[in-house]
Amino acid sequence: MTKHSTDLKTLLRDPSLLETRAFVAGEWVEAGDGATFDVINPARGDVIARVADLGRADAARAIAAAAQAMKAWAARTAKDRAQVMRRWFDLMMANQDDLARILTAEMGKPFPEAKGEIAYGASFVEWFGEEAKRVYGETIPGHLPDKRLTVIRQPIGVVGSITPWNFPNAMIARKAAPALAVGCGFVARPAAETPLSALAMAVLGERAGLPKGILSVVTSSRSSDIGKEFCENPLVRKLTFTGSTEVGRILLRQAADQVLKCSMELGGNAPFIVFDDADLDAAVEGAMASKFRNNGQTCVCANRIYVQAGVYDAFAQKLAAAVDKLRVGDGLEDGVTTGPLINEDAVEKVEEHIRDVLDGGGQVVTGGERLDGLFFKPTVVTGVTDRMKVATEETFGPLAPLFRFETEEEVVQKANDTIFGLASYFYARDIGRITRVQEALEYGIVGVNTGIISTEVAPFGGVKQSGLGREGSRHGIEDYLEMKYICLSI
Ligand SMILES: NC(=O)C1=CN([C@@H]2O[C@H](COP(=O)(O)OP(=O)(O)OC[C@H]3O[C@@H](n4cnc5c(N)ncnc54)[C@H](OP(=O)(O)O)[C@@H]3O)[C@@H](O)[C@H]2O)C=CC1
Ligand SMILES: O=C(O)[C@H](O)CS(=O)(=O)O
């Protein structure tokens, strides 16, 4: 891997998008004590920016400003807000390359994949700008002659948002877009690993005409402090989080004291099932897309690959051949398909899962070793059993573990035997089997003969301990609205 420092500003057409100050109450600010934290390029290990390191008082100021700004913003028509959202979408797409370079530099995913994320994030801004114009109410036939009943829906209030490093643009856009479109104030706290994408989004949001104070980006290395402010500040009416189930539990416990409404997009442990009547080449393509997208660092990545006995060896061979074509490297370089992992812990988790498979009698078919820095060779292992860690833990890395199974009943039981329930996938061609399995899988999302399910038009979310609520689609706007029943006596 070429090791040289990342002079990010020289890579940007518009260097003003590389903002390192926080965006609080409509102002670009440093931390009061001048504190900053480093943003590291995981591909090169160099510091690409030093970003303002804010605390709870700054978050409180952002929340107060959002509550104040909401009064006028919510009073504007949905059509008017939609025009601002449309300008924001247009600016994100016009600056797609720069936003993608910033994203690749701070998170590591290859530039083409980062461009895809920018378009994915922007699609939520476009979608919810339009959806806000369709937030309809109801009239209900009165229960008494002198009663006229109506139901209206209003913005829930100030939203606190905590998002992870793996989709530094799209995870914020998927929350900010519905919230802002319906008239809410929004305070974002991005992961400390990847704050630059959020700040660049705020630069463009300001240019698009988002009113002063309605959107803040509170950059901080002290995630738990900001989370506590979101959970304890009475001006916050909604907490939205994407990240691990472990942190989701912490936030839900904290939110309970105020009975704070929460949306939770949490961890997964996606089964990917290949039946013996599957189109094997299509199944390999789907497994590559689902497993190795974002270097395996998504909550919907295939985490357990179950292959029916009759096609197990053929599938393993085809998958290994496809994996060997992946090119690991610096995401800012052309032709790279697979970037670094986000940090040392992530690399050690992949190594731990591989070691555990080998200790249990499994075999490495390809890969299996760490490369330099945070790079890891994409890996396929066989002989994997339910007793191994990878059966119950989210690897969040480029490891494809192949489990062998005999019958449909067996694999559905194994696929559902987890506390998670976010995404699942299977490949088959028999329509009876497809109907039975898609209905039997206990997941919020089922991909049938496809490994990629993510789109702004469909409801994204999990059951069991993978989360609460849905993001995207016409359903995704509901979490940012409150329903009011009006009983008029005439
Ligand atoms: N469902 C999903 O989409 C995702 C799932 N994951 C899962 O989580 C695992 C760990 O990844 P990681 O990024 O560390 O995910 P975390 O859940 O640890 O972090 C997600 C976000 O929450 C913040 N955070 C962490 N602890 C607290 C807290 N006590 N109060 C408030 N905010 C907090 C983090 O900030 P900071 O990083 O600055 O501490 C980050 O912004 C992954 O291996 C994967 O299994 C991770 C990302 C996305
Ligand atoms: O958090 C994630 O991993 C994302 O939600 C996955 S997706 O929406 O980009 O598929």
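Note that ligands are numbered from 1 as they come in the structure, with each ligand's atoms numbered from 1 the same way. FYI, the numbering just counts along the sequence from 1.
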*Asks:* Below 4.0 angstrom from a heavy atom of T298, which ligand 2 atoms are there? Numbered from 1 as shown, please.
*Replies:* 3 (O)
*Asks:* Hey, does F460 come in under 3.5 Å of ligand 2, counting only N/O atoms on both sides?
*Replies:* no
*Asks:* Identify, for atom 3 (O) of ligand 2, the protein heavy atom at the shortest distance, and state residue, atom and that distance.
*Replies:* C299 N, 2.7 Å
*Asks:* Is E113 reaching over with its side chain to a backbone N or O of P110, donor-acceptor style, under 3.5 angstrom?
*Replies:* no
*Asks:* Does K109 reach the main-chain N or O of G339 with its side chain, forming a donor-acceptor pair under 3.5 Å?
*Replies:* no
*Asks:* Is it the case that ligand 2 has an N or O less than 3.5 angstrom from some N or O of Y120?
*Replies:* yes
*Asks:* Is R86 paired with D90 through a side-chain N to carboxylate O contact shorter than 4.0 Å?
*Replies:* yes
*Asks:* For the residue pair M85 and E130, establish whether any side-chain heavy-atom pair is separated by less than 4.5 Å.
*Replies:* no
*Asks:* Can you check whether L326's main-chain N or O pairs, donor with acceptor, with T337's side chain at less than 3.5 Å?
*Replies:* no
*Asks:* Flag the pair D53 and R222 as a salt bridge only when some basic side-chain nitrogen lies within less than 4.0 angstrom of an acidic carboxylate oxygen.
*Replies:* yes
*Asks:* Go through ligand 2 atom by atom and flag the ones less than 4.0 Å from a non-hydrogen atom of F167.
*Replies:* 2 (C), 3 (O), 4 (C), 6 (C), 9 (O)
*Asks:* When only distance counts, is T242 in polar contact with ligand 2, meaning an N/O pair under 3.5 Å?
*Replies:* no
*Asks:* Considering the heavy atoms of S454, write down every atom of ligand 2 situated less than 4.0 Å from one of them.
*Replies:* 7 (S), 8 (O), 10 (O)
*Asks:* For the pair T379 (side chain) and K377 (backbone), establish whether a donor and an acceptor sit closer than 3.5 Å, ignoring hydrogens and angles.
*Replies:* yes
*Asks:* Ring of F375, cation from R370 - is the NZ or CZ under 6.0 Å from the centre and inside 45° of the axis?
*Replies:* no
*Asks:* With K464 as the cation and F420 as the aromatic partner, state whether NZ or CZ is under 6.0 Å from the six-membered ring centre and within 45° of the axis.
*Replies:* no
*Asks:* On the 0 to 90° scale, with breaks at 30° and 60°, tag the F128-F124 ring pair as parallel, tilted or perpendicular.
*Replies:* parallel
*Asks:* Answer side chain, backbone, both or neither: which part of E265 comes under 4.0 Å from ligand 2, heavy atoms only.
*Replies:* neither
*Asks:* Going by the ring pair (Phe, Tyr, Trp, His ring centres under 6.0 Å) test, which pairs reach into residues 228-265, not counting sequence neighbours?
*Replies:* none
*Asks:* What part of M171 sits under 4.0 Å from ligand 2 if we count only heavy atoms: the side chain, the backbone, both or neither?
*Replies:* side chain
*Asks:* Does ligand 2 have any atom sitting under 4.0 Å from a heavy atom of R293?
*Replies:* yes
*Asks:* Should the heavy atoms of other residues, nucleotides or ligands under 6.0 Å from CG of D33 be counted, would the total exceed 12?
*Replies:* yes
*Asks:* Side chain, backbone, both or neither: which part of N166 comes within less than 4.0 Å of ligand 2 when only heavy atoms are counted?
*Replies:* side chain
*Asks:* Counting heavy atoms only, which part of E471 comes closer than 4.0 Å to ligand 2: side chain, backbone, both or neither?
*Replies:* neither
*Asks:* Which ligand 2 atoms, with their elements, are less than 4.0 angstrom from a heavy-atom of V300?
*Replies:* 6 (C), 10 (O)
*Asks:* Could you pull out the N/O contacts under 3.5 angstrom between ligand 1 and the surrounding protein atoms?
*Replies:*
from: ligand 1; atom 1: 1 (N); to: G243; atom 2: O; distance (Å): 3.3
from: ligand 1; atom 1: 1 (N); to: L266; atom 2: O; distance (Å): 2.5
from: ligand 1; atom 1: 13 (O); to: W165; atom 2: NE1; distance (Å): 2.3
from: ligand 1; atom 1: 17 (O); to: S244; atom 2: N; distance (Å): 2.8
from: ligand 1; atom 1: 17 (O); to: S244; atom 2: OG; distance (Å): 2.7
from: ligand 1; atom 1: 35 (O); to: R189; atom 2: NH1; distance (Å): 2.7
from: ligand 1; atom 1: 37 (O); to: E193; atom 2: OE1; distance (Å): 3.2
from: ligand 1; atom 1: 38 (O); to: R189; atom 2: NH1; distance (Å): 3.2
from: ligand 1; atom 1: 38 (O); to: R189; atom 2: NH2; distance (Å): 2.7
from: ligand 1; atom 1: 38 (O); to: A192; atom 2: N; distance (Å): 3.1
from: ligand 1; atom 1: 39 (O); to: S223; atom 2: OG; distance (Å): 3.2
from: ligand 1; atom 1: 41 (O); to: T163; atom 2: O; distance (Å): 2.7
from: ligand 1; atom 1: 41 (O); to: R189; atom 2: NH1; distance (Å): 2.9
from: ligand 1; atom 1: 45 (O); to: E394; atom 2: OE1; distance (Å): 2.5

*Asks:* Which heavy atom in I445 sits nearest to a heavy atom in F460, and how many Å separate them?
*Replies:* CD1-CD1, 3.8 Å
*Asks:* Identify the closest protein heavy atom to atom 5 (O) of ligand 2: which residue and atom is it, and at what distance?
*Replies:* R174 NH2, 2.9 Å
